[in-house]
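One structure is given below, encoded as structure tokens.
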Amino acid sequence: MGRAQEKNVVDIHVHDVRDYSDDRHRKVDDYPYGGGPGMVMRPQPIAAALAAILSAAGPGRVLLLSPQGTRFTQKMAKEWTGEDHLIFICGHYKGIDERIRERYVQEEISVGDYVLTGGELPALVVIDAVVRLIPGVLGDLESAAGDSFHEGVLDHPHYTRPEEFDGMRVPDILLSGHHEQIRLWRRRESLRRTLQNRPDLLDRAPLSDEDRRLLEDIRTEEGIPTKEE
Ligand code: 4FV
């Protein structure tokens, strides 16, 4: 992310909502109407910050990070590499006043089914996932190709030197130099891991006939029944 900014591939600006509060104590939160525990972020400071950003940097896609949002995916990350201007609203406390969501938010995104103290870390997660896919950000040694979810399945196991570590050897196939057999081994291990950890992905992954044959073998090996069975 540092290199991407140095190379002006991306500019990242942080805005403190307190700087836009019209309250003499720079308050950004207040008690919830209807009572109950916790505080809510006031609409005024967020609206003022958005207005300042939009007038300074022009229009952009306004995203709200919250557990109520649509789950963020690699597909979204890829799509947003084409965006010129992303604006992330990072909530705190119980959340932000609903009228900000209604008036300004184009997309509400969740990074996972758990509750954090603020939307900042989720915003950083999304920024990292998007920026690393911008051409030129990852060096050629690090490629996004082959990423998990790149083709809708999980990534295969990776090994590097030494050949033997703590009594554990690198699979011989990877030392064979036989590229076709290595490709096949990696595809099988991707499918095996996906079947074990994320079978839901297989329902929507673009699987080839070869993939289906591999999955049959794996199910037999692992004793994992097919849906039909
Ligand atoms: C969150 C998530 C998240 C909820 C209360 C901030 C916190 C606090 N954001 N994915 N999971 N946000 O937990 O995006 O306002």
Side-chain angles (χ1 to χ4, degrees), residues 1-2 4-5 10-23 25-54 57 59-134 137 144 147-150 152 154-155 197-201 204:
M1 294 303 117
Q5 290 171 84
V10 63
D11 283 339
I12 300 175
H13 307 281
V14 180
H15 307 267
D16 185 343
V17 175
R18 279 194 198 288
D19 297 344
Y20 299 88
S21 171
D22 60 2
D23 175 85
H25 303 297
R26 293 159 51 84
K27 259 171 78 62
V28 295
D29 64 324
D30 206 339
Y31 296 99
Y33 277 118
M39 301 294 273
V40 176
M41 286 189 81
R42 299 175 51 224
Q44 177 276 325
I46 300 173
L50 279 172
I53 292 166
L54 294 169
R61 179 189 281 266
V62 178
L63 306 170
L64 170 63
L65 290 304
S66 96
Q68 292 83 38
T70 313
R71 176 64 68 80
F72 178 61
T73 64
Q74 188 70 4
K75 185 168 173 297
M76 288 174 184
K78 235 176 298 192
E79 281 157 13
W80 293 347
T81 56
E83 294 282 335
D84 300 335
H85 188 195
L86 293 177
I87 303 168
F88 296 89
I89 300 176
C90 305
H92 259 270
Y93 318 107
K94 295 296 283 182
I96 68 171
D97 184 286
E98 185 65 12
R99 290 164 286 188
I100 293 292
R101 185 188 268 110
E102 282 162 21
R103 173 67 50 82
Y104 299 102
V105 172
Q106 283 147 306
E107 224 147 330
E108 191 170 359
I109 303 295
S110 170
V111 291
D113 296 346
Y114 39 79
V115 180
L116 303 166
T117 59
E120 288 80 3
L121 291 175
L124 296 181
V125 165
V126 173
I127 292 169
D128 189 285
V130 173
V131 171
R132 68 182 288 277
L133 295 176
I134 297 174
V137 170
D147 274 351
S148 280
F149 315 106
H150 180 67
L154 301 184
D155 201 3
N197 302 347
R198 293 293 308 278
D200 59 297
L201 291 174
R204 43 186 198 272

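One-based numbering, in listed order, for ligands and for the atoms of each. As the structure is a computational prediction, the values presented were derived from the model and not from experiment.
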ask   = Among the heavy atoms of Ile96, does any lie under 4.0 Å from an atom of ligand 1?
value = no

Do any N or O atoms from the side chain of [X] and from the backbone of [Y] form a donor-acceptor pair under 3.5 angstrom?
{"X": "His92", "Y": "Thr117", "answer": "yes"}
{"X": "Glu107", "Y": "Val62", "answer": "no"}
{"X": "Gln5", "Y": "Val10", "answer": "no"}

What atoms in ligand 1 come closer than 4.0 Å to a heavy atom of [X]?
{"X": "Val111", "answer": "10 (N), 14 (O)"}
{"X": "His92", "answer": "15 (O)"}
{"X": "Val115", "answer": "4 (C), 13 (O)"}
{"X": "Gly112", "answer": "11 (N)"}
{"X": "Ile109", "answer": "14 (O)"}
{"X": "Tyr93", "answer": "5 (C), 8 (C), 15 (O)"}

key: Residue, atom name and distance, where the atom is the protein heavy atom closest to atom 12 (N) of ligand 1   = Pro67 CD, 3.6 Å

Protein contact of atom 11 (N) of ligand 1 - nearest heavy atom, named by residue and atom, plus distance = Tyr114 O, 2.9 Å

query = Do Thr117 and ligand 1 have an N or O pair less than 3.5 Å apart?
reply = no

ask   = Does a salt bridge link Arg42 with Asp23, judged by any charged N lying under 4.0 Å from a carboxylate O?
value = no

key: Arg61/Asp84 ion pair, N-O < 4.0 Å   = no

ask   = Considering all heavy atoms of both residues, which atom of Ile46 and which atom of Val17 are nearest to each other, and what is their separation?
value = N-CG1, 4.0 Å

ask   = Between Val131 and Met1, is a side chain to side chain contact (heavy atoms under 4.5 Å, CB included) present by the stated rule, with each step listed?
value = CA-CA 7 Å; Val131 171; Met1 294 303 117; 3.6 Å; yes

ask   = Heavy-atom contacts under 4.0 Å between Ser66 and ligand 1: side chain, backbone, both, or neither?
value = backbone

task = With rounding to the nearest 0.5 Å, note down the distance linking OG in Ser21 to NZ in Lys27.
result = 8.5 Å

message = Minimum distance, heavy atoms only, to atom 13 (O) of ligand 1: which one of Val40, Leu63, Leu116 is it?
response = Leu116

